[in-house]
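Take a look at the structure set out below.
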Amino acid sequence: MKIQIPKGTFDILPVSPEEPWQLSALWQFVEETVSQVARDYHYQEIRTPIYERTELFDRGVGETSDVSKEMFTFEDKGGRSLSLRPEGTASVMRSFIEHNLAQQKSVHKFYYMGPMFRYERPQLGRYRQFHHFGVEVIGVAGPAQDAEVIDLLYQIYTRLGLKNLKVKINTVGDLESRSLYKAALIKYFTPHLSALSSDSKIRFEKNPLRILDSKDPHDKILVAEAPSILAHLSDEAKTHFQQVCNLLDQIQVPYEIDDKIVRGLDYYNKTVFEVISEDLGAQNTIGGGGRYDGLLASLGGPDLPGVGFATGLERVLQVMLAQKTPFATKPGPFIYFIPLGEEARDKCFTLATLCRHHKIAAEVDLLAKKVAVGLQNAARSNATYCALIGSDELHSGHIQLKNLETRQTTDTDFDHLITHLQGLSCQLPIFKHLTGSGASSPL
Ligand code: HAM
């Protein structure tokens with residue numbers, strides 16, 4: 001029996017994926033672009049394990065958060081409870097504490113990328129294994145750091161060519177604002193308690209702010225009329241939020257204030273934000289983040305402020321696809337050898353190996369039986385040049401290189417092939433337009 005891929009996961013393929021966004025060349029383009037933007041902002045890469053001790057996430061993402069209920073948790077052979085990481089922030093904090101990084105310098109700016117795992121009901125844009133690109137800044141409490149992080153996220157989308165995005169920002173205040181606001185929410189929801197969904201009844205007990213994040217249609221009607229956090233802010237939280245907005249205005253990052261954003265994780269304080277694309281279905285949030293000043297201390301680390309975001313790469317790719325965004329792919333082999341006959345095959349193999357040893361990307365069609373098929377394969381592989389080698393070439397030592405795009409040919413011989421190829425102009429990335437009907441099938 002055929003073994004199938006686990007539910008909620010997908011493969012990323014070099015050719016003909018079921019969904020165009022599952023093409024590896026596209027992933028490489030996005031991964032390289034987003035990392036480059038982060039490096040332009042002077043962020044450095046951090047890599048943490050795919051799994052951590054479960055208590056890190058219990059304490060890190062918060063027990064009332066949706067994420068903590070969706071973890072892939074297992075016991076190792078030593079009886080320790082481990083969980084596949086559902087997000088990156090808690091792991092970065094753990095690593096920061098474990099390696100005493102606070103002693104190295106006062107500001108740390110990290111970026112990371114990789115698979116995350118949440119046991120959710122799979123649907124379009126929502127998977128059980130998905131990919132985050134995220135950043136975390138530790139050490140700066142002021143509003144300029146929030147604005148920088150939001151700008152970095154927006155710049156990533158801009159650099160990728162995404163359009164029609166909405167940046168929504170809010171503040172969940174500081175402790176003082178939140179306790180005032182919680183009291184106001186309890187007062188507001190108490191007479192409606194019986195009408196709330198069962199999930200929101202639990203949220204009412206544990207953390208009423210989380211009711212604002214409910215997806216239940218009846219809850220949403222009540223939430224629309226709920227009091228606003230913006231009316232319950234302490235002076236400090238209000239000033240911080242105003243300054244973030246002013247700075248975003250100054251650097252011309254477009255945004256909307258949405259006082260109902262609370263985010264799905266418990267660690268936030270002050271600024272929170274999400275980026276929405278109207279070109280996606282129900283799962284239209286492509287990125288989100290915020291400030292989490294108490295998190296590091298709550299995990300046993302120094303009391304340093306933090307702010308960051310994560311963007312879901314699947315959803316970013318799906319927006320690119322929906323908007324037919326051009327993307328650059330790596331070119332195929334610089335030279336593609338097509339042997340005619342067995343003797344020529346060995347020669348082509350040797351020449352291709354020589355090219356590769358000189359850092360010239362080369363391919364040889366070891367299966368080619370007919371010239372036409374060889375040429376077709378060369379074109380399909382996006383090769384820049386191809387060379388047909390048969391008995392004439394073997395005999396004379398001369399070969400002709402054909403540029404597959406311009407159709408022009410140049411002559412050389414076996415002994416000078418490498419210097420000849422090195423002299424030919426560098427390859428430029430190929431800009432492609434995404435095709436296909438877009439993402440459709442849930443996994
Ligand atoms: P999050 O909002 O849970 O934040 O996840 C960030 C993004 O990951 C979402 O906006 C969405 O695009 C994507 N995402 C989440 N779950 C799935 C899924 N099941 N399938 C596909 N994509 C998904 C965080 O995780 C925080 N750690 C962000 C952060 C960093 N806050 C501060 N620093």
Side-chain angles (χ1 to χ4, degrees), residues 7-10 21-22 30 34 38 43 46 48 52 56-57 60-62 65-72 84-94 96 108-138 145-146 148-150 152-153 156-157 162 165-169 172 210 213 215 261-277 280-296 305-319 439 442-443:
K7 199 172 170 191
T9 67
F10 53 88
W21 61 269
Q22 293 165 3
V30 170
V34 298
Y43 286 57
I46 184 165
T48 60
E52 298 270 2
L56 171 68
F57 301 121
V61 303
S65 75
D66 295 338
V67 172
S68 73
K69 287 179 245 143
E70 297 160 350
M71 281 200 299
F72 281 88
L84 298 182
R85 59 183 187 192
E87 58 109 51
T89 313
S91 303
V92 174
M93 298 305 118
R94 196 253 329 122
F96 183 84
H108 289 259
K109 298 185 175 185
F110 301 107
Y111 76 85
Y112 54 87
M113 188 160 45
M116 305 290 160
F117 306 85
R118 295 183 190 176
Y119 195 85
E120 298 193 85
R121 195 172 54 79
Q123 54 177 281
L124 183 61
R126 191 200 270 166
Y127 309 98
R128 289 186 176 167
Q129 175 173 331
F130 60 97
H131 297 77
H132 266 174
F133 175 84
V135 310
E136 313 295 346
V137 180
I138 301 175
Q145 193 54 62
D146 309 24
E148 175 186 294
V149 161
I150 296 170
L152 167 46
L153 180 59
I156 279 177
Y157 298 140
L162 303 191
L165 301 178
K166 272 197 188 131
V167 180
K168 295 187 171 185
I169 71 167
V172 290
R210 302 271 314 116
D213 212 23
K215 305 286 176 283
I261 291 182
V262 286
R263 311 270 304 123
L265 298 141
D266 286 353
Y267 47 60
Y268 293 109
N269 73 320
K270 293 188 179 161
T271 317
V272 287
F273 52 91
E274 287 183 349
V275 182
I276 315 287
S277 166
L280 291 180
Q283 303 303 318
N284 63 358
T285 309
I286 58 172
R291 182 163 276 287
Y292 47 84
D293 292 341
L295 179 61
L296 204 54
V307 57
F309 68 73
T311 180
L313 295 184
E314 291 71 13
R315 296 186 193 175
V316 167
L317 288 158
Q318 288 166 4
V319 178
L443 297 164

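Basis for what follows: all heavy atoms, side chains included, without hydrogens, waters or symmetry-related copies. Counting convention: from 1, in listed order, for ligands and their atoms alike.
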So which bit of [X] gets within less than 4.0 Å of ligand 1, heavy atoms only: side chain, backbone, both or neither?
X	value
Arg126	both
Phe309	backbone
Tyr267	side chain
Arg263	side chain
Thr285	both

Could you check [atom] against the protein and tell me its nearest heavy-atom contact, residue, atom and distance included?
atom	answer
atom 15 (C) of ligand 1	Arg118 NH1, 3.5 Å
atom 20 (N) of ligand 1	Tyr127 N, 2.9 Å
atom 8 (O) of ligand 1	His132 NE2, 2.8 Å
atom 27 (N) of ligand 1	Glu87 OE1, 2.6 Å
atom 24 (C) of ligand 1	Leu265 CD1, 3.4 Å
atom 19 (N) of ligand 1	Glu120 OE2, 2.5 Å
atom 13 (C) of ligand 1	Gly312 CA, 3.7 Å

Using a strict 4.0 Å cut-off to heavy atoms of [X], name the atoms of ligand 1 that fall inside it.
X	answer
Tyr292	32 (C), 33 (N)
Tyr268	26 (C), 28 (C), 29 (C), 31 (N), 32 (C)
Gly125	20 (N), 21 (C), 22 (N)
Gly289	31 (N)
Glu136	30 (C), 32 (C), 33 (N)

State, to 0.1 Å, how close [X] and [Y] come at their nearest heavy-atom pair, and which atoms those are.
X	Y	value
Val272	Ile261	CG2-O, 3.7 Å
Phe309	Tyr112	O-OH, 4.0 Å
Ala90	Gly60	CB-CA, 4.2 Å

Query raised in the report: Donor-acceptor pair, Glu314 side chain versus His131 backbone, under 3.5 Å?
Result: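 Checking the backbone N and O of His131 against the side chain of Glu314, a donor-acceptor pair under 3.5 Å is found.
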**Report entry** Side-chain donor or acceptor of Asp213 paired with backbone N/O of Val262 under 3.5 Å
**Finding:**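 No.
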Query raised in the report: Which option out of Phe133, Phe130, Phe273 puts a heavy atom nearest to atom 23 (C) of ligand 1?
Result: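 It is Phe130 that holds the nearest heavy atom.
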Report task. Sort and list the pairs that fulfil salt bridge (charged side-chain N to carboxylate O under 4.0 Å, His left out) and have at least one residue in residues 109-121, not counting sequence neighbours. Result ->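 For residues 109-121: Lys109-Glu148, Glu120-Arg126.
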Using a 3.5 Å cut-off and no angle test, enumerate the donor-acceptor pairs between side-chain atoms of residues 280-290 and protein atoms at least two apart in sequence or in another chain.
unit_1	atom_1	unit_2	atom_2	d
Gln283	OE1	Arg315	NH2	3.4
Gln283	NE2	Gln123	OE1	3.2

Report task. Take the angle between the ring planes of Trp21 and Tyr127 and call it parallel below 30°, perpendicular above 60°, tilted in between. Result ->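 Tilted: the ring planes of Trp21 and Tyr127 meet at 30° to 60°.
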Query - Qualifying residue for salt bridge (Lys or Arg N to Asp or Glu O under 4.0 Å) with Glu274, from Arg263, Lys166, Lys168 - result: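 Only one option passes, and that is Arg263.
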Query raised in the report: For Thr89, which of His132, Glu136, Arg94 qualifies under side chain to side chain donor-acceptor pair (under 3.5 Å)?
Result: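 Going through His132, Glu136, Arg94 one by one, the side chain to side chain donor-acceptor pair (under 3.5 Å) with Thr89 is satisfied by Glu136 alone.
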Query raised in the report: For Phe133 and Val30, what are the C-alpha separation, side-chain angles and deciding distance, and is it a side chain to side chain contact (heavy atoms under 4.5 Å, CB included)?
Result: CA-CA 10 Å; Phe133 175 84; Val30 170; over 6 Å; no
Query raised in the report: How long is the span from the OH atom in Tyr43 to the CG atom in Leu152, to the nearest 0.5 Å?
Result: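 So the OH of Tyr43 and the CG of Leu152 are separated by 5.5 Å.
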Requested in this report: Decide whether the shortest distance between a heavy atom of Gly287 and an atom of ligand 1 is less than 4.0 Å.
Outcome: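 Yes.
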